> 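Sharing a structure with you now.
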Amino acid sequence: MSTESAALQPDTSIRAIGEGYAERFGFSMPNRSIVKTSQGLTEETVRAISKTKDEPEWMLRFRLRALHLFQTLPMPTWGANLSQLEFGSMTYYSKPTESAKDSWDALPADIKSTYERLGVPEAERKFLAGVGAQYDSEMVYHNIREDLKKKGILFSDVETAVREHPGLVKRFFGTVVPPDDNKFAALNSAVWSGGSFVYVPPGVHVDIPLQAYFRVNSQAFGQFERTLIIADEGSFVHYIEGCTAPVFSKDSLHSAVVEIIALPNSRIRYSTVQNWSSNMYNLVTKRAFAYDNAIMEWVDGNIGSKVTMKYPAIFLMGPGARGEVLSIAFAGKGQEQDTGAKIFHFASNTSSVITSKSISKDGGTASYRGLVKVEAGLTNIKSKVECDALILDPHSRSNTYPTMDIRSEQATMEHEAKVSKISEEQLFYLMSRGLSEEEAAIMIVNGFIDPLVKELPMEYAVELNRLIELEMEGSVG
Amino acid sequence: MSGTILDTLKVSRREKANDAAALLFPADSKSSGLKRLDIAISSPASGALSGAPQEPKEPAEYEQYREASIALGAGAEAAVLVRFVAAGAASQDRAADEPARMQDARLARAENPETPGSLRLTTSLHIRLAAHARLNLYVLSNLPASFSREALSHAALSEGAVLTWTNVVFDEGNGLYTTRIELEGEGSELDFAGAYGARCTTEGEHALSIHHTAPHSKSRTILKSALKDSAHLAFRGLIHVENTARGTDAYLANRNLVLEDGARAESFPQLKIETDEVACSHGATTGGPRQEELFYLMSRGLDRAAAKNMLVLGHLGSVLNRLPPDLAEEMEDIAASALGLNAQGSCI
């Protein structure tokens, strides 16, 4: 990282990112939505969405109450800069097709070709148990392997679940993330559309992952999917989500709510590879309840977006529950990745691990923001938090804001954080083995994020490595 | 944030200062031995409250402000002990002092409902080290529960200056301790170790910020605490490395021992790093006494309480042992009485 090369570096790397993203993910299709609300958010917008979905009365009331909360709750006073976010000029609902299909061929050509370019149908054939695909506001495709369907696994969009399994939905919907949790949870609750509903019956193991792919096609658009996953006693499921959007000049907003319930002895792994375009605000509330002896794992990769604020949370509700969060953030030019994790220990004999890695370059800001809380009177609590940050040039920033609140005598809480640049010794060693400086840097960065990549299914690991390489191209020379 | 602390200092000095002490070491002076700077605080037992406790008084009368400053000229070397002493109260002997202390607290509470059981005390300490000066600083404080204290400390280090600071606080009243250290000279070095112990319902907030603005400066900062009963510690630590401070090497640690359910340790260690050529890290651990260690000590014949006490002194020992031997011994005794380790002291 000599100073001469630093002078050359922004130019080449910006080109590399722009070209790569535009070709692979940044394309857009003509807007042929069949229902679209007008810009801005009013009670009419909410009623129109509810009417289109032909919802029961209780859901409309839920939405209207949430709208009121959204209008009264304050914007967060901490974290990333959200002052440029314009709620008034956004479109809150855009319906691309009449209904969700279970065959790619039944989709309109534009949409089908979008997912083909993103490689989703191919991935489904190869290594997924089921796929959901959301295009703007609605799930356009949902399919799950026949054998899994027969075992009683439910995998659909949330609207279908509201119609077909009202008991299950009513029992859990909005209980993990209530609408008054924060302004963006309220916004989502008011205008939510799409997202996945997953229910795994007792004792059933879904050995290969379920996947949802979220695609935004419209400009100045808000995508508000809502995901609800319930793993019944002793079951296992791995859910993966991916997301991309076209590169537009106007900012878009993605504000999801994800609610996870891991019932006793179950295990849920939720993996995200977030690669939104650089005009996207990604403000997401993700939370899981883990009951007795359940295991909840969040694997969270944040590469894209303009601003991300995301802190996957785990509430350890029953004895023996375990929570793990593994997250990586990559902040490039103009990006602010404000990510982290929250763990609440509410029961004895619970343990948690947070591993966070961040890389900032080209003036990007990566922040870790996290919380570990242990209530009084609990015994045998263990928690470990590790944050590592790499800064690749002198213009980039890294912040660490952990919070630990321990009220129990029988708790062990450890936190470690490190911020550094790529070590000269490591670079020198690799270059002495014949690698160019750029190859060496990419190898070091890949090694740095390896713990996360290892936790992803192979195809995703390859994808993530490719993305990081793409982002790194020309950054060190 | 930085502005706020400094502004507070200035305003306070102009309007409220009723006592000030200063130590100045000229350039290149090599002071031998330990210089003592005792800062006397009027004790409520012998002071304001003993008069006519029945008569309502303005809370302002119970405010005290104490200020001290230490300055070292270029190349000077010194060792200084700053001690906050409550006049008239033999606070080491807590057991004997207990009834009087409770009395004070009750009186104060009756007098001043807004700050229950406390008299307001503001202390400020300024330290300035010119180029290549070296200061070994000990700051000790164990004020009785009747004081609620706001302590402001500020240190600035010029090029090549080295500050070694041992800060031991066993104040029995609530306290807000704000310390800001600026490494503004190239190659300056800080080694800060703090010990804090509290019990009963005492609340202590320690805000410790280390600012690196010059290249190749180094800081090592640690705060260790032991908390009993329902004591509550909030630790806010910050390492801030500005864009101008390439080559910074900084470490910030917070180690809390929570001795009982109900005691609470909150820890917010933060890093704000604005350049790349750095090695910055922080660590925070909070936990109870390790069961294996307790078991080991009990297997050697100690009862549970004594074993716990030994672990507390062991935990704080790495800080207390930085003091000269006689002071270290004295502070260990003070720790034992402040934490109620010897007698099963009851809380009000």
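Excluded from the calculations below are hydrogen atoms, water molecules and symmetry mates; all remaining heavy atoms, backbone and side chain alike, are included. Predicted model only: the values in this text are computed from it and were never measured. So that the names make sense, note that chain A is the first sequence line, chain B the second, and so on, each numbered from 1.
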> Among B:A250, B:G262, B:P269, B:P289, single out the residue with the greatest number of heavy-atom pairs under 4.5 Å to chain A.
B:P269
> Looking at CG of B:L271 and OG of A:S367, how far apart are the two atoms once the value is rounded to the nearest 0.5 Å?
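With rounding to 0.5 Å, CG (B:L271) is 10.5 Å from OG (A:S367).
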> Please list, one pair per line, the donor and acceptor atoms closer than 3.5 Å that link side chains of residues 316-329 of chain A to other protein atoms, with sequence neighbours excluded.
| residue | atom | partner | partner atom | Å |
| --- | --- | --- | --- | --- |
| A:R322 | NH1 | A:S351 | OG | 3.1 |
| A:R322 | NH2 | A:E324 | OE1 | 3.1 |

> Is it true that, when you exclude B:R255 itself, more than 12 heavy atoms of the residues, nucleotides or ligands shown sit nearer than 6.0 Å to its CZ?
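Yes - once you tally the heavy atoms of other residues, nucleotides and ligands closer than 6.0 Å, there are more than 12.
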> Chain A heavy atoms under 4.5 Å from B:Y251: which part of the residue, side chain, backbone, both or neither?
side chain
> Taking every heavy-atom pair that is under 4.5 Å apart, which of B:R290, B:K272, B:E274 has the most such pairs with chain A?
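Looking at each option in turn, the highest pair count goes to B:E274.
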> Can you name the residues that form a side chain to side chain contact (heavy atoms under 4.5 Å, CB included) with A:S436, not counting sequence neighbours?
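Only A:E438, A:E439 meet the side chain to side chain contact (heavy atoms under 4.5 Å, CB included) criterion with A:S436.
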> So what's closer than 4.5 Å to chain A heavy atoms on B:A263: side chain, backbone, both or neither?
backbone
> What option among B:S230, B:S267, B:A253, B:A234 has the most heavy-atom pairs under 4.5 Å with chain A?
B:S267
> Among residues 399-413 of chain A, which ones touch chain B with a heavy-atom distance under 4.5 Å?
A:N399, A:T400, A:Y401, A:P402, A:T403, A:M404, A:D405, A:I406, A:R407, A:S408, A:E409, A:Q410, A:A411, A:T412, A:M413
> When rounded to the nearest 0.5 angstrom, what distance separates CZ in A:R397 from CG in B:N243?
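Separation between the atoms: 8.0 Å.
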> Could you give the distance from OG (A:S360) to CG (B:D276), rounded to the nearest 0.5 Å?
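The distance works out to 9.0 Å.
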> Could you state the interatomic distance from NE2 (A:H415) to OG1 (B:T285), rounded to the nearest 0.5 Å?
11.0 Å
> Identify the residues of residues 370-388 of chain A whose heavy atoms come closer than 4.5 Å to a heavy atom of chain B, ordered by number, or report 'none'.
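Interface residues of residues 370-388 of chain A: A:A376, A:G377, A:L378.
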> Flag yes if more than 12 heavy atoms outside A:M443 fall under 6.0 Å of its CE atom; otherwise flag no.
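Atom CE in A:M443 is not packed in, count stays at 12 or less.
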> Taking B:N254, B:I273, B:T275, B:L227 one by one, which has the highest count of heavy-atom pairs under 4.5 Å against chain A?
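Ranked by heavy-atom pairs under 4.5 Å with chain A, first place is B:I273.
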